Participant: 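Encoded as structure tokens, here's the structure I'll be asking about.
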Amino acid sequence: MTDQTAADTTADTAADATTTTAGEELYLVDGSGFIFRAFHALPILTRPDGTPVNAVLGFTNMLTKLLADLKAQAVAVVFDAKGDTFRSNIYPAYKAQRPEPPEELKPQFALIREATHAFCLPCLELEGFEADDLIATYARLAREAGRPVTIVSSDKDLMQLVGPGVRMFDPLKNKPIGPAEVAEKFGVPPEKVVDVQALAGDSVDNVPGVPGIGVKTAAQLIQEYGDLESLLARAGEIKQPARRQKLIDFADQARVSRRLVLLDQNVPVPEPLEKLTVREPDHQKLIDFLRAQGFRSVVARLEAELKKDGRIVDGAAPAAPDPATAPPPDAAAPPPVRSPATPAGEVVQRYELVQSLDALAVWIDRARETGLLAVDTETDSLTPSTATLVGISLATEPGLACYIPLAHGPAQGSGQLDFDGGAPPPQIPTDACLEALKDVLEDPSVLKIGHNFKFDHQLFARSGVRVTPTDDTMLISYVLEGGGQGHGMDDLALKLLGHTTIPYSDVCGTGRNAITFDRVPLDKALAYAAEDADITLRLWKALKPRLVAERMVTVYETIDRPLVPVVADMERCGVRIDRAELSRLSRDLGTRLEEIAGEVQRLSPRPFNIGSPKQLGEILFEDLSLPGGKKGKTGAYSTDSSVLEGLAEQGAEIAQRVLDWRQLAKLKSTYTDALQEQIDARTGRVHTSFAMAATSTGRLSSTDPNLQNIPIRTEEGRKIRRAFVAEPGCKLLSVDYSQIELRLVADIADIAALKQAFHDGLDIHAATASQVFGIPLDKMTGEIRRKAKAINFGIIYGISGFGLGRQLGIPPGEANAFIKAYLERFHELKAWMDKTKAFAREHGHVPTLFGRKCRINGIQEKNPAKRAFAERQAINAPIQGTAADIMKRAMARVPDALAAGGSKARMLLQVHDELLFEVPEGEAEEAARIVRRVMEGAATLGVPLVAEAGIGDTWGDAH
DNA sequence: CGTTTCACG
DNA sequence: GACGTACGTGAAACGT
């Protein structure tokens, strides 16, 4: 077998090449690979005699582009030869199960070779070897001659060749493939790709690899052990038992796999390197060939170019464009068509592509007339801070919508190939478009309607456009439906309009074939994007009147709608993170984890993976026979922290060590490691996303990353909070509601004694304990207060004797006695709970103080366990939901209050009962006063609302 | 891709 | 008296 390092070849070959064609770039086209990909990417087109030619068309377009745009001087097109290759001798199954190529493809193999000859390009193949080996060998020769090489292919098997002087180019996606792209695909640098492939195998080529190991695992292993041989030698050290065994059992199979995927760089080349030059094609021969295939537009283009260059005089009459290369529909609005998916059939669609400011002005006028404008933005990414604005769609009445492309590149969809590359479609410059739209977007008399408008709001805000006033169909639906379920546009279109929207995957593909929206051909982009605006407007027509009918106007108008720009600004601002500090913490945690893992293994009868609850359970309860039992439907032992704590108290040291390990592992993987990845390169800050229509109670939630669960309860965890820092010259200000949920219980259930305690400003848990257990405050002990505190929390969660007992570590009977005493002392509570459960049973939802509906599923259940669960939700939801409402009301008022107070403070995060701000140093105290005032005044209740502020250099210190 | 665990309120 | 339990989230790791 050959080896990549075997470069002991003809020094004279290299010398020759250097003298004749030094420095000239060599293009190696993977002809065989291209045939298959083009065939599957393009619709099957036939020439007049019925011969399919779609791959041939893609191929000629690609070559034309290569020769014209890249000014390629040295090109070879390489094909697989017929018959077996040397790899079949290594492993007979290699590529053995390949199905016959489709009938429509077979005749195209010969045509593509013919096309290559028509272009007068070297057309190479070598019996016994694959095209990839020939490419590998030429790449090596060129590299040694000091000439850069571009391999025109996207075949992953060629990626091992990428490196200094050798790059790849994906001809269908028009994208270069360099070391970074290879590393992204394989998780390792190009020179280690073969090792990863050897482990992961390839089902298409029948490379066996090691069973159960995919690319991700393989990359991780190679990264850790360096290369395949080192890994196989040290396979015994692998933690996961199944994986360890597989690597041992299939070591030789991995070695064979490596020989299969490793390309031969020393095959006897059919042509010397220096012969691979581009010759001027015989134009008449080429044109004859192209015409014979029916490629009229290619011929027309070629002739036009040759004429321009004065190279031919003969001009065949320009033919009508063939369907495959026809330009996308231009700005003329297509004739109205009936919307097929609208059952009523009433709505007629007219979607228009807007490519000039004049055309845009018509739409702006329409918006001013109707006072309505549905808006949707298309981007190349879902991250609003970095996304490029690719286009904007508008709708002014149902069925009447347009799409304004702004940053579309050359089209590139499954239906069309355009190798003209450099020629993007005509588009209004983004700045000019935004300038033209700014007035109407900020016009108080035109309502802008969006779906998840927070995203669009951020995009416009980035360009200095403050869109107002706005409606958000996602939030209207959320308010009407009472949380939960899906409020995505596709779901709503189906449910409310009976309309199935064009799936995003239809225009952009999915997985590895996905393209960004700027590569979508304009006809498809128009259909998709204009539909989004159209559907948004039609959803609004269906949903908005229901707010009035269902008495949800106030919730929407005063709580959720005003929050959109506020949350958008918070996300856009982000929060500063001290990366170096996180990195230090990660390193520290890493070493401590290794120490603890060592101790755990020492205490264990056999090695196991500490991170696997399943294995841990077996060790603890079978090998060590510790007391404890099975649980759950899956039959697995429970090993959560309450179980381990129990074991640790009985003296099981291993349980304590595992607890320690778990805590640190969690901190490292979820926080110190992951958070570093989330730092935005441009801003140096972390930008979370707050979901506004996700929870059943009206709370926000936070994702990518979740910044609402940053540790604080343990000292170890608090160190992570100290990595959240203020900009130099600024402080962080944290303001949180004190006991808001318990205050709301007192108010909503109208519990006189509890309300009085809050009025008196007492320590509420101590006061509760005093009243429930009849102990004077001055005789209160910590233990009794702890019990009262647990009951208070229990109330909020929809208390049960079992749950409270488990929390306090006492028998359920005893806990029930506490609850009974509590309900007797605060007798109003029982009445409110009964009333609330009855309401939920009747309506399927419960209201917050401000009227938000919280949907409760399963309240009618026959199964008592499921019904009890729903009843606890029914108790908890009005409390949690009202707190969420109050916080949202405060958030909507805070920015204006700060501005009015002359403060430059910026709101960064919301953590349910806490707001975090970044404030210029001298203003922190004043900002704290303003925020506290707004938060405490966000609702007028029968109990006082209290907000407490803390100021510090880090989030950890602002408490 | 479902399950388990655990971080927060 | 059944039935399996505290409420609401999101992310990482494991293992099929």
Side-chain angles (χ1 to χ4, degrees), chain A residues 212 217 220 239-243 483-484 608-617 631-644 658-659 662-671 673-675 677-678 688-691 694-714 716-718 720-721 736-737 739-741 790-808 812 815 819 854 856 861-881 883-884 887 909-914:
Chain A
T217 311
Q220 184 202 322
K239 281 186 293 185
Q240 297 87 339
R243 186 176 295 171
F608 74 107
N609 180 1
I610 311 176
S612 163
K614 184 168 170 279
Q615 293 179 36
L616 175 64
K631 248 176 88 178
K633 301 137 213 168
T634 56
Y637 296 109
S638 172
T639 65
D640 65 22
S641 56
S642 68
V643 172
L644 294 183
V658 171
L659 277 169
R662 281 233 182 113
Q663 196 209 351
L664 300 187
K666 176 83 173 179
L667 296 180
K668 182 167 191 290
S669 67
T670 309
Y671 300 106
D673 286 351
L675 229 37
E677 308 282 312
Q678 295 277 359
T688 185
S689 175
F690 288 105
T695 70
S696 59
T697 57
R699 275 187 175 181
L700 302 183
S701 77
S702 161
T703 56
D704 306 309
N706 183 357
L707 295 186
Q708 289 182 320
N709 71 345
I710 302 303
I712 191 171
R713 290 174 184 170
T714 65
E716 278 311 315
R718 255 194 297 277
I720 292 164
R721 251 178 213 233
D736 69 303
Y737 281 116
Q739 300 290 355
I740 187 168
E741 293 194 346
I791 305 176
N792 280 334
F793 269 99
I795 298 300
I796 292 164
Y797 296 149
I799 199 153
S800 79
F802 190 96
L804 179 63
R806 207 163 67 85
Q807 178 67 29
L808 283 174
I819 295 168
C854 304
I856 306 292
E861 269 278 348
K862 289 196 302 271
N863 179 333
K866 290 183 180 166
R867 192 173 65 241
F869 179 45
E871 285 177 351
R872 290 196 296 273
Q873 291 180 321
I875 298 301
N876 170 260
I879 304 164
Q880 188 183 113
M887 178 55 105
L909 296 178
Q910 184 247 49
V911 192
H912 310 308
D913 66 357
E914 172 191 6

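In this text, all values refer to a predicted model and were calculated from it rather than measured experimentally. Throughout, protein chains are lettered first and strands after them, A, B, ... in sequence-line order, and every chain is numbered starting at 1.
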Participant: Are A/Thr714 and A/Gln663 linked by a side-chain donor-acceptor pair shorter than 3.5 Å?
Facilitator: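 Yes.
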Participant: What contact category does A/Gln663 fall into here, base, sugar-phosphate, or nothing, at under 4.0 angstrom with non-hydrogen atoms?
Facilitator: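 Sugar-phosphate contact only.
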Participant: Among C/dG4, B/dC8, B/dT5, which nucleotide has an atom closest to any side-chain atom of A/Arg872?
Facilitator: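 Nearest to the side-chain atoms of A/Arg872, counting from C-beta on, is C/dG4.
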Participant: Could you check how far CZ of A/Arg713 sits from P of B/dC8, rounded to whole Å?
Facilitator: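 In whole Å, B/dC8 P and A/Arg713 CZ are 5 Å from each other.
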Participant: Could you spell out the base pairing of DNA chain C as a dot-bracket line? Use Watson-Crick and G-U wobble contacts where both distances are under 3.5 Å, [ ] for crossing pairs, | for partners on a different strand.
Facilitator: ......|||||||||.
Participant: Contact class for A/Ile712 (heavy atom, under 4.0 Å): base, sugar-phosphate, or nothing?
Facilitator: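 Here A/Ile712 touches the backbone only, sparing every base.
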Participant: Could you check how far CD1 of A/Ile796 sits from P of B/dC8, rounded to whole Å?
Facilitator: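 The answer, rounded to whole Å, is 18 Å.
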Participant: Using the closest heavy atom to pick a nucleotide of DNA chain C for each, name whichever of A/Arg867 or A/His912 lands nearer the 5' end.
Facilitator: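 The residue closer to the strand's 5' end, by nearest nucleotide, is A/Arg867.
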Participant: For C/dT9, does either OP1 or OP2 sit under 4.0 Å from a side-chain N or O belonging to A/Ser696?
Facilitator: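 Yes.
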Participant: Taking only N and O in the side chain of A/Gln873, is any of them less than 4.0 Å away from OP1 or OP2 of C/dG8?
Facilitator: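 So the side-chain polar atoms of A/Gln873 do come within 4.0 Å of the phosphate oxygens OP1 or OP2 of C/dG8, strictly under.
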Participant: In whole angstrom, give the distance that lies between atom CZ of A/Arg699 and atom C1' of C/dG10.
Facilitator: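 So the two atoms are 13 Å apart, to the nearest Å.
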Participant: Looking just at side-chain N and O atoms, do A/Ser702 and A/Thr688 make a donor-acceptor pair shorter than 3.5 Å?
Facilitator: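 Yes, because at least one side-chain N or O of A/Ser702 sits under 3.5 Å from a partner of the opposite role on A/Thr688.
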Participant: Grab the CG-P distance between A/Leu667 and B/dT5 for me, whole Å please.
Facilitator: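 Those two atoms, CG and P, are 18 Å apart.
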Participant: When rounded to the nearest 0.5 angstrom, what distance separates CD1 in A/Ile740 from NE2 in A/His912?
Facilitator: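 Taking CD1 in A/Ile740 and NE2 in A/His912, the distance rounds to 13.0 Å.
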Participant: Roughly, in whole Å, what's the span from CG in A/Asn863 to C1' in C/dG1?
Facilitator: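 To the nearest whole Å, that distance equals 14 Å.
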Participant: Please confirm whether the backbone N or O of A/Pro711 pairs with a side-chain atom of A/Arg721, one donor and one acceptor, at under 3.5 Å?
Facilitator: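 Between the backbone of A/Pro711 and the side chain of A/Arg721 there is a qualifying donor-acceptor contact (under 3.5 Å).
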Participant: Roughly how many Å apart are B/dT5 and C/dA6, using the P atom of each and rounding to a whole number?
Facilitator: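 The same atom, P, in both gives a distance of 13 Å.
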Participant: How would you label the contact of A/Ala815 with the nucleic acid (heavy atoms, under 4.0 Å): base, sugar-phosphate, or nothing?
Facilitator: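 Result for A/Ala815 = nothing.
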Participant: How long is the line joining CZ of A/Phe793 and P of B/dC8, in whole Å?
Facilitator: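 In whole Å, B/dC8 P lies 13 Å from A/Phe793 CZ.
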Participant: Using the P atom as the reference point in each nucleotide, state the distance between C/dT5 and B/dT4 in Å, no decimals.
Facilitator: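 Those two atoms are separated by 11 Å.
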Participant: Can you list every pair that meets salt bridge (charged side-chain N to carboxylate O under 4.0 Å, His left out) and has a residue in residues 869-880 of chain A, with sequence neighbours left out?
Facilitator: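 Only A/Arg841-A/Glu871 qualify under salt bridge (charged side-chain N to carboxylate O under 4.0 Å, His left out).
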Participant: If you look at every strand shown and take non-hydrogen atoms under 4.0 Å, does A/Pro711 touch a base, only sugar-phosphate, or nothing?
Facilitator: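 Sugar-phosphate: the residue A/Pro711, judged by heavy atoms under 4.0 Å, touches backbone atoms but no base.
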Participant: Going 5' to 3' through nucleotides 11-16 of chain C, assign each nucleotide B (protein heavy atom under 4.0 Å from a base atom), S (under 4.0 Å only from sugar-phosphate atoms) or - (no protein heavy atom that close).
Facilitator: BSSSSS
Participant: Could you check how far CG of A/Asn876 sits from P of C/dT5, rounded to whole Å?
Facilitator: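 Taking atom P of C/dT5 as the reference, CG of A/Asn876 is at 17 Å.
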Participant: So A/Gln910 and A/Gln708, do their side chains get closer than 4.5 Å, heavy atoms only?
Facilitator: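 Yes - at least one pair of side-chain heavy atoms lies under 4.5 Å apart.
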Participant: Compare side-chain N and O positions of A/Arg662 against OP1 and OP2 of B/dC6 and report whether any pair is under 4.0 Å apart.
Facilitator: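 Yes.
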Participant: Taking the side chain as every heavy atom from C-beta outward, state whether A/Ile791 and A/Ile799 have any pair of such atoms under 4.5 Å apart.
Facilitator: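 A side-chain contact under 4.5 Å exists here.
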Participant: B/dC8 C1' sits how many Å from A/Leu700 CG, rounded?
Facilitator: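 Taking atom C1' of B/dC8 as the reference, CG of A/Leu700 is at 14 Å.
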Participant: So A/Tyr797 and A/Ile879, do their side chains get closer than 4.5 Å, heavy atoms only?
Facilitator: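 In short, these two side chains do not touch, never coming nearer than 4.5 Å.
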Participant: When you measure from the side chain of A/Thr639, which nucleotide among B/dT5, B/dG9, C/dT5 comes out closest?
Facilitator: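 For the A/Thr639 side chain, the nearest candidate turns out to be B/dT5.
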Participant: Ignoring hydrogens and geometry beyond distance, is a side-chain donor-acceptor pair present between A/Thr639 and A/Arg662 at under 3.5 Å?
Facilitator: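 Note: A/Thr639 and A/Arg662 side chains meet the donor-acceptor criterion.
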Participant: Taking C-beta and beyond as the side chain, do A/Leu707 and A/Leu675 meet within less than 4.5 Å on heavy atoms?
Facilitator: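 Touching, per the 4.5 Å side-chain cut-off.
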Participant: Taking atom types as they are modelled, is there a donor-acceptor pair under 3.5 Å from the base of C/dT5 to the side chain of A/Ser800?
Facilitator: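 Checked by distance alone, the answer is yes.
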Participant: Between A/Arg718 and A/Ile712 (side chain of the first, backbone of the second, donor and acceptor by atom type, cut-off under 3.5 Å), is there such a pair?
Facilitator: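 A pair under 3.5 Å: yes.
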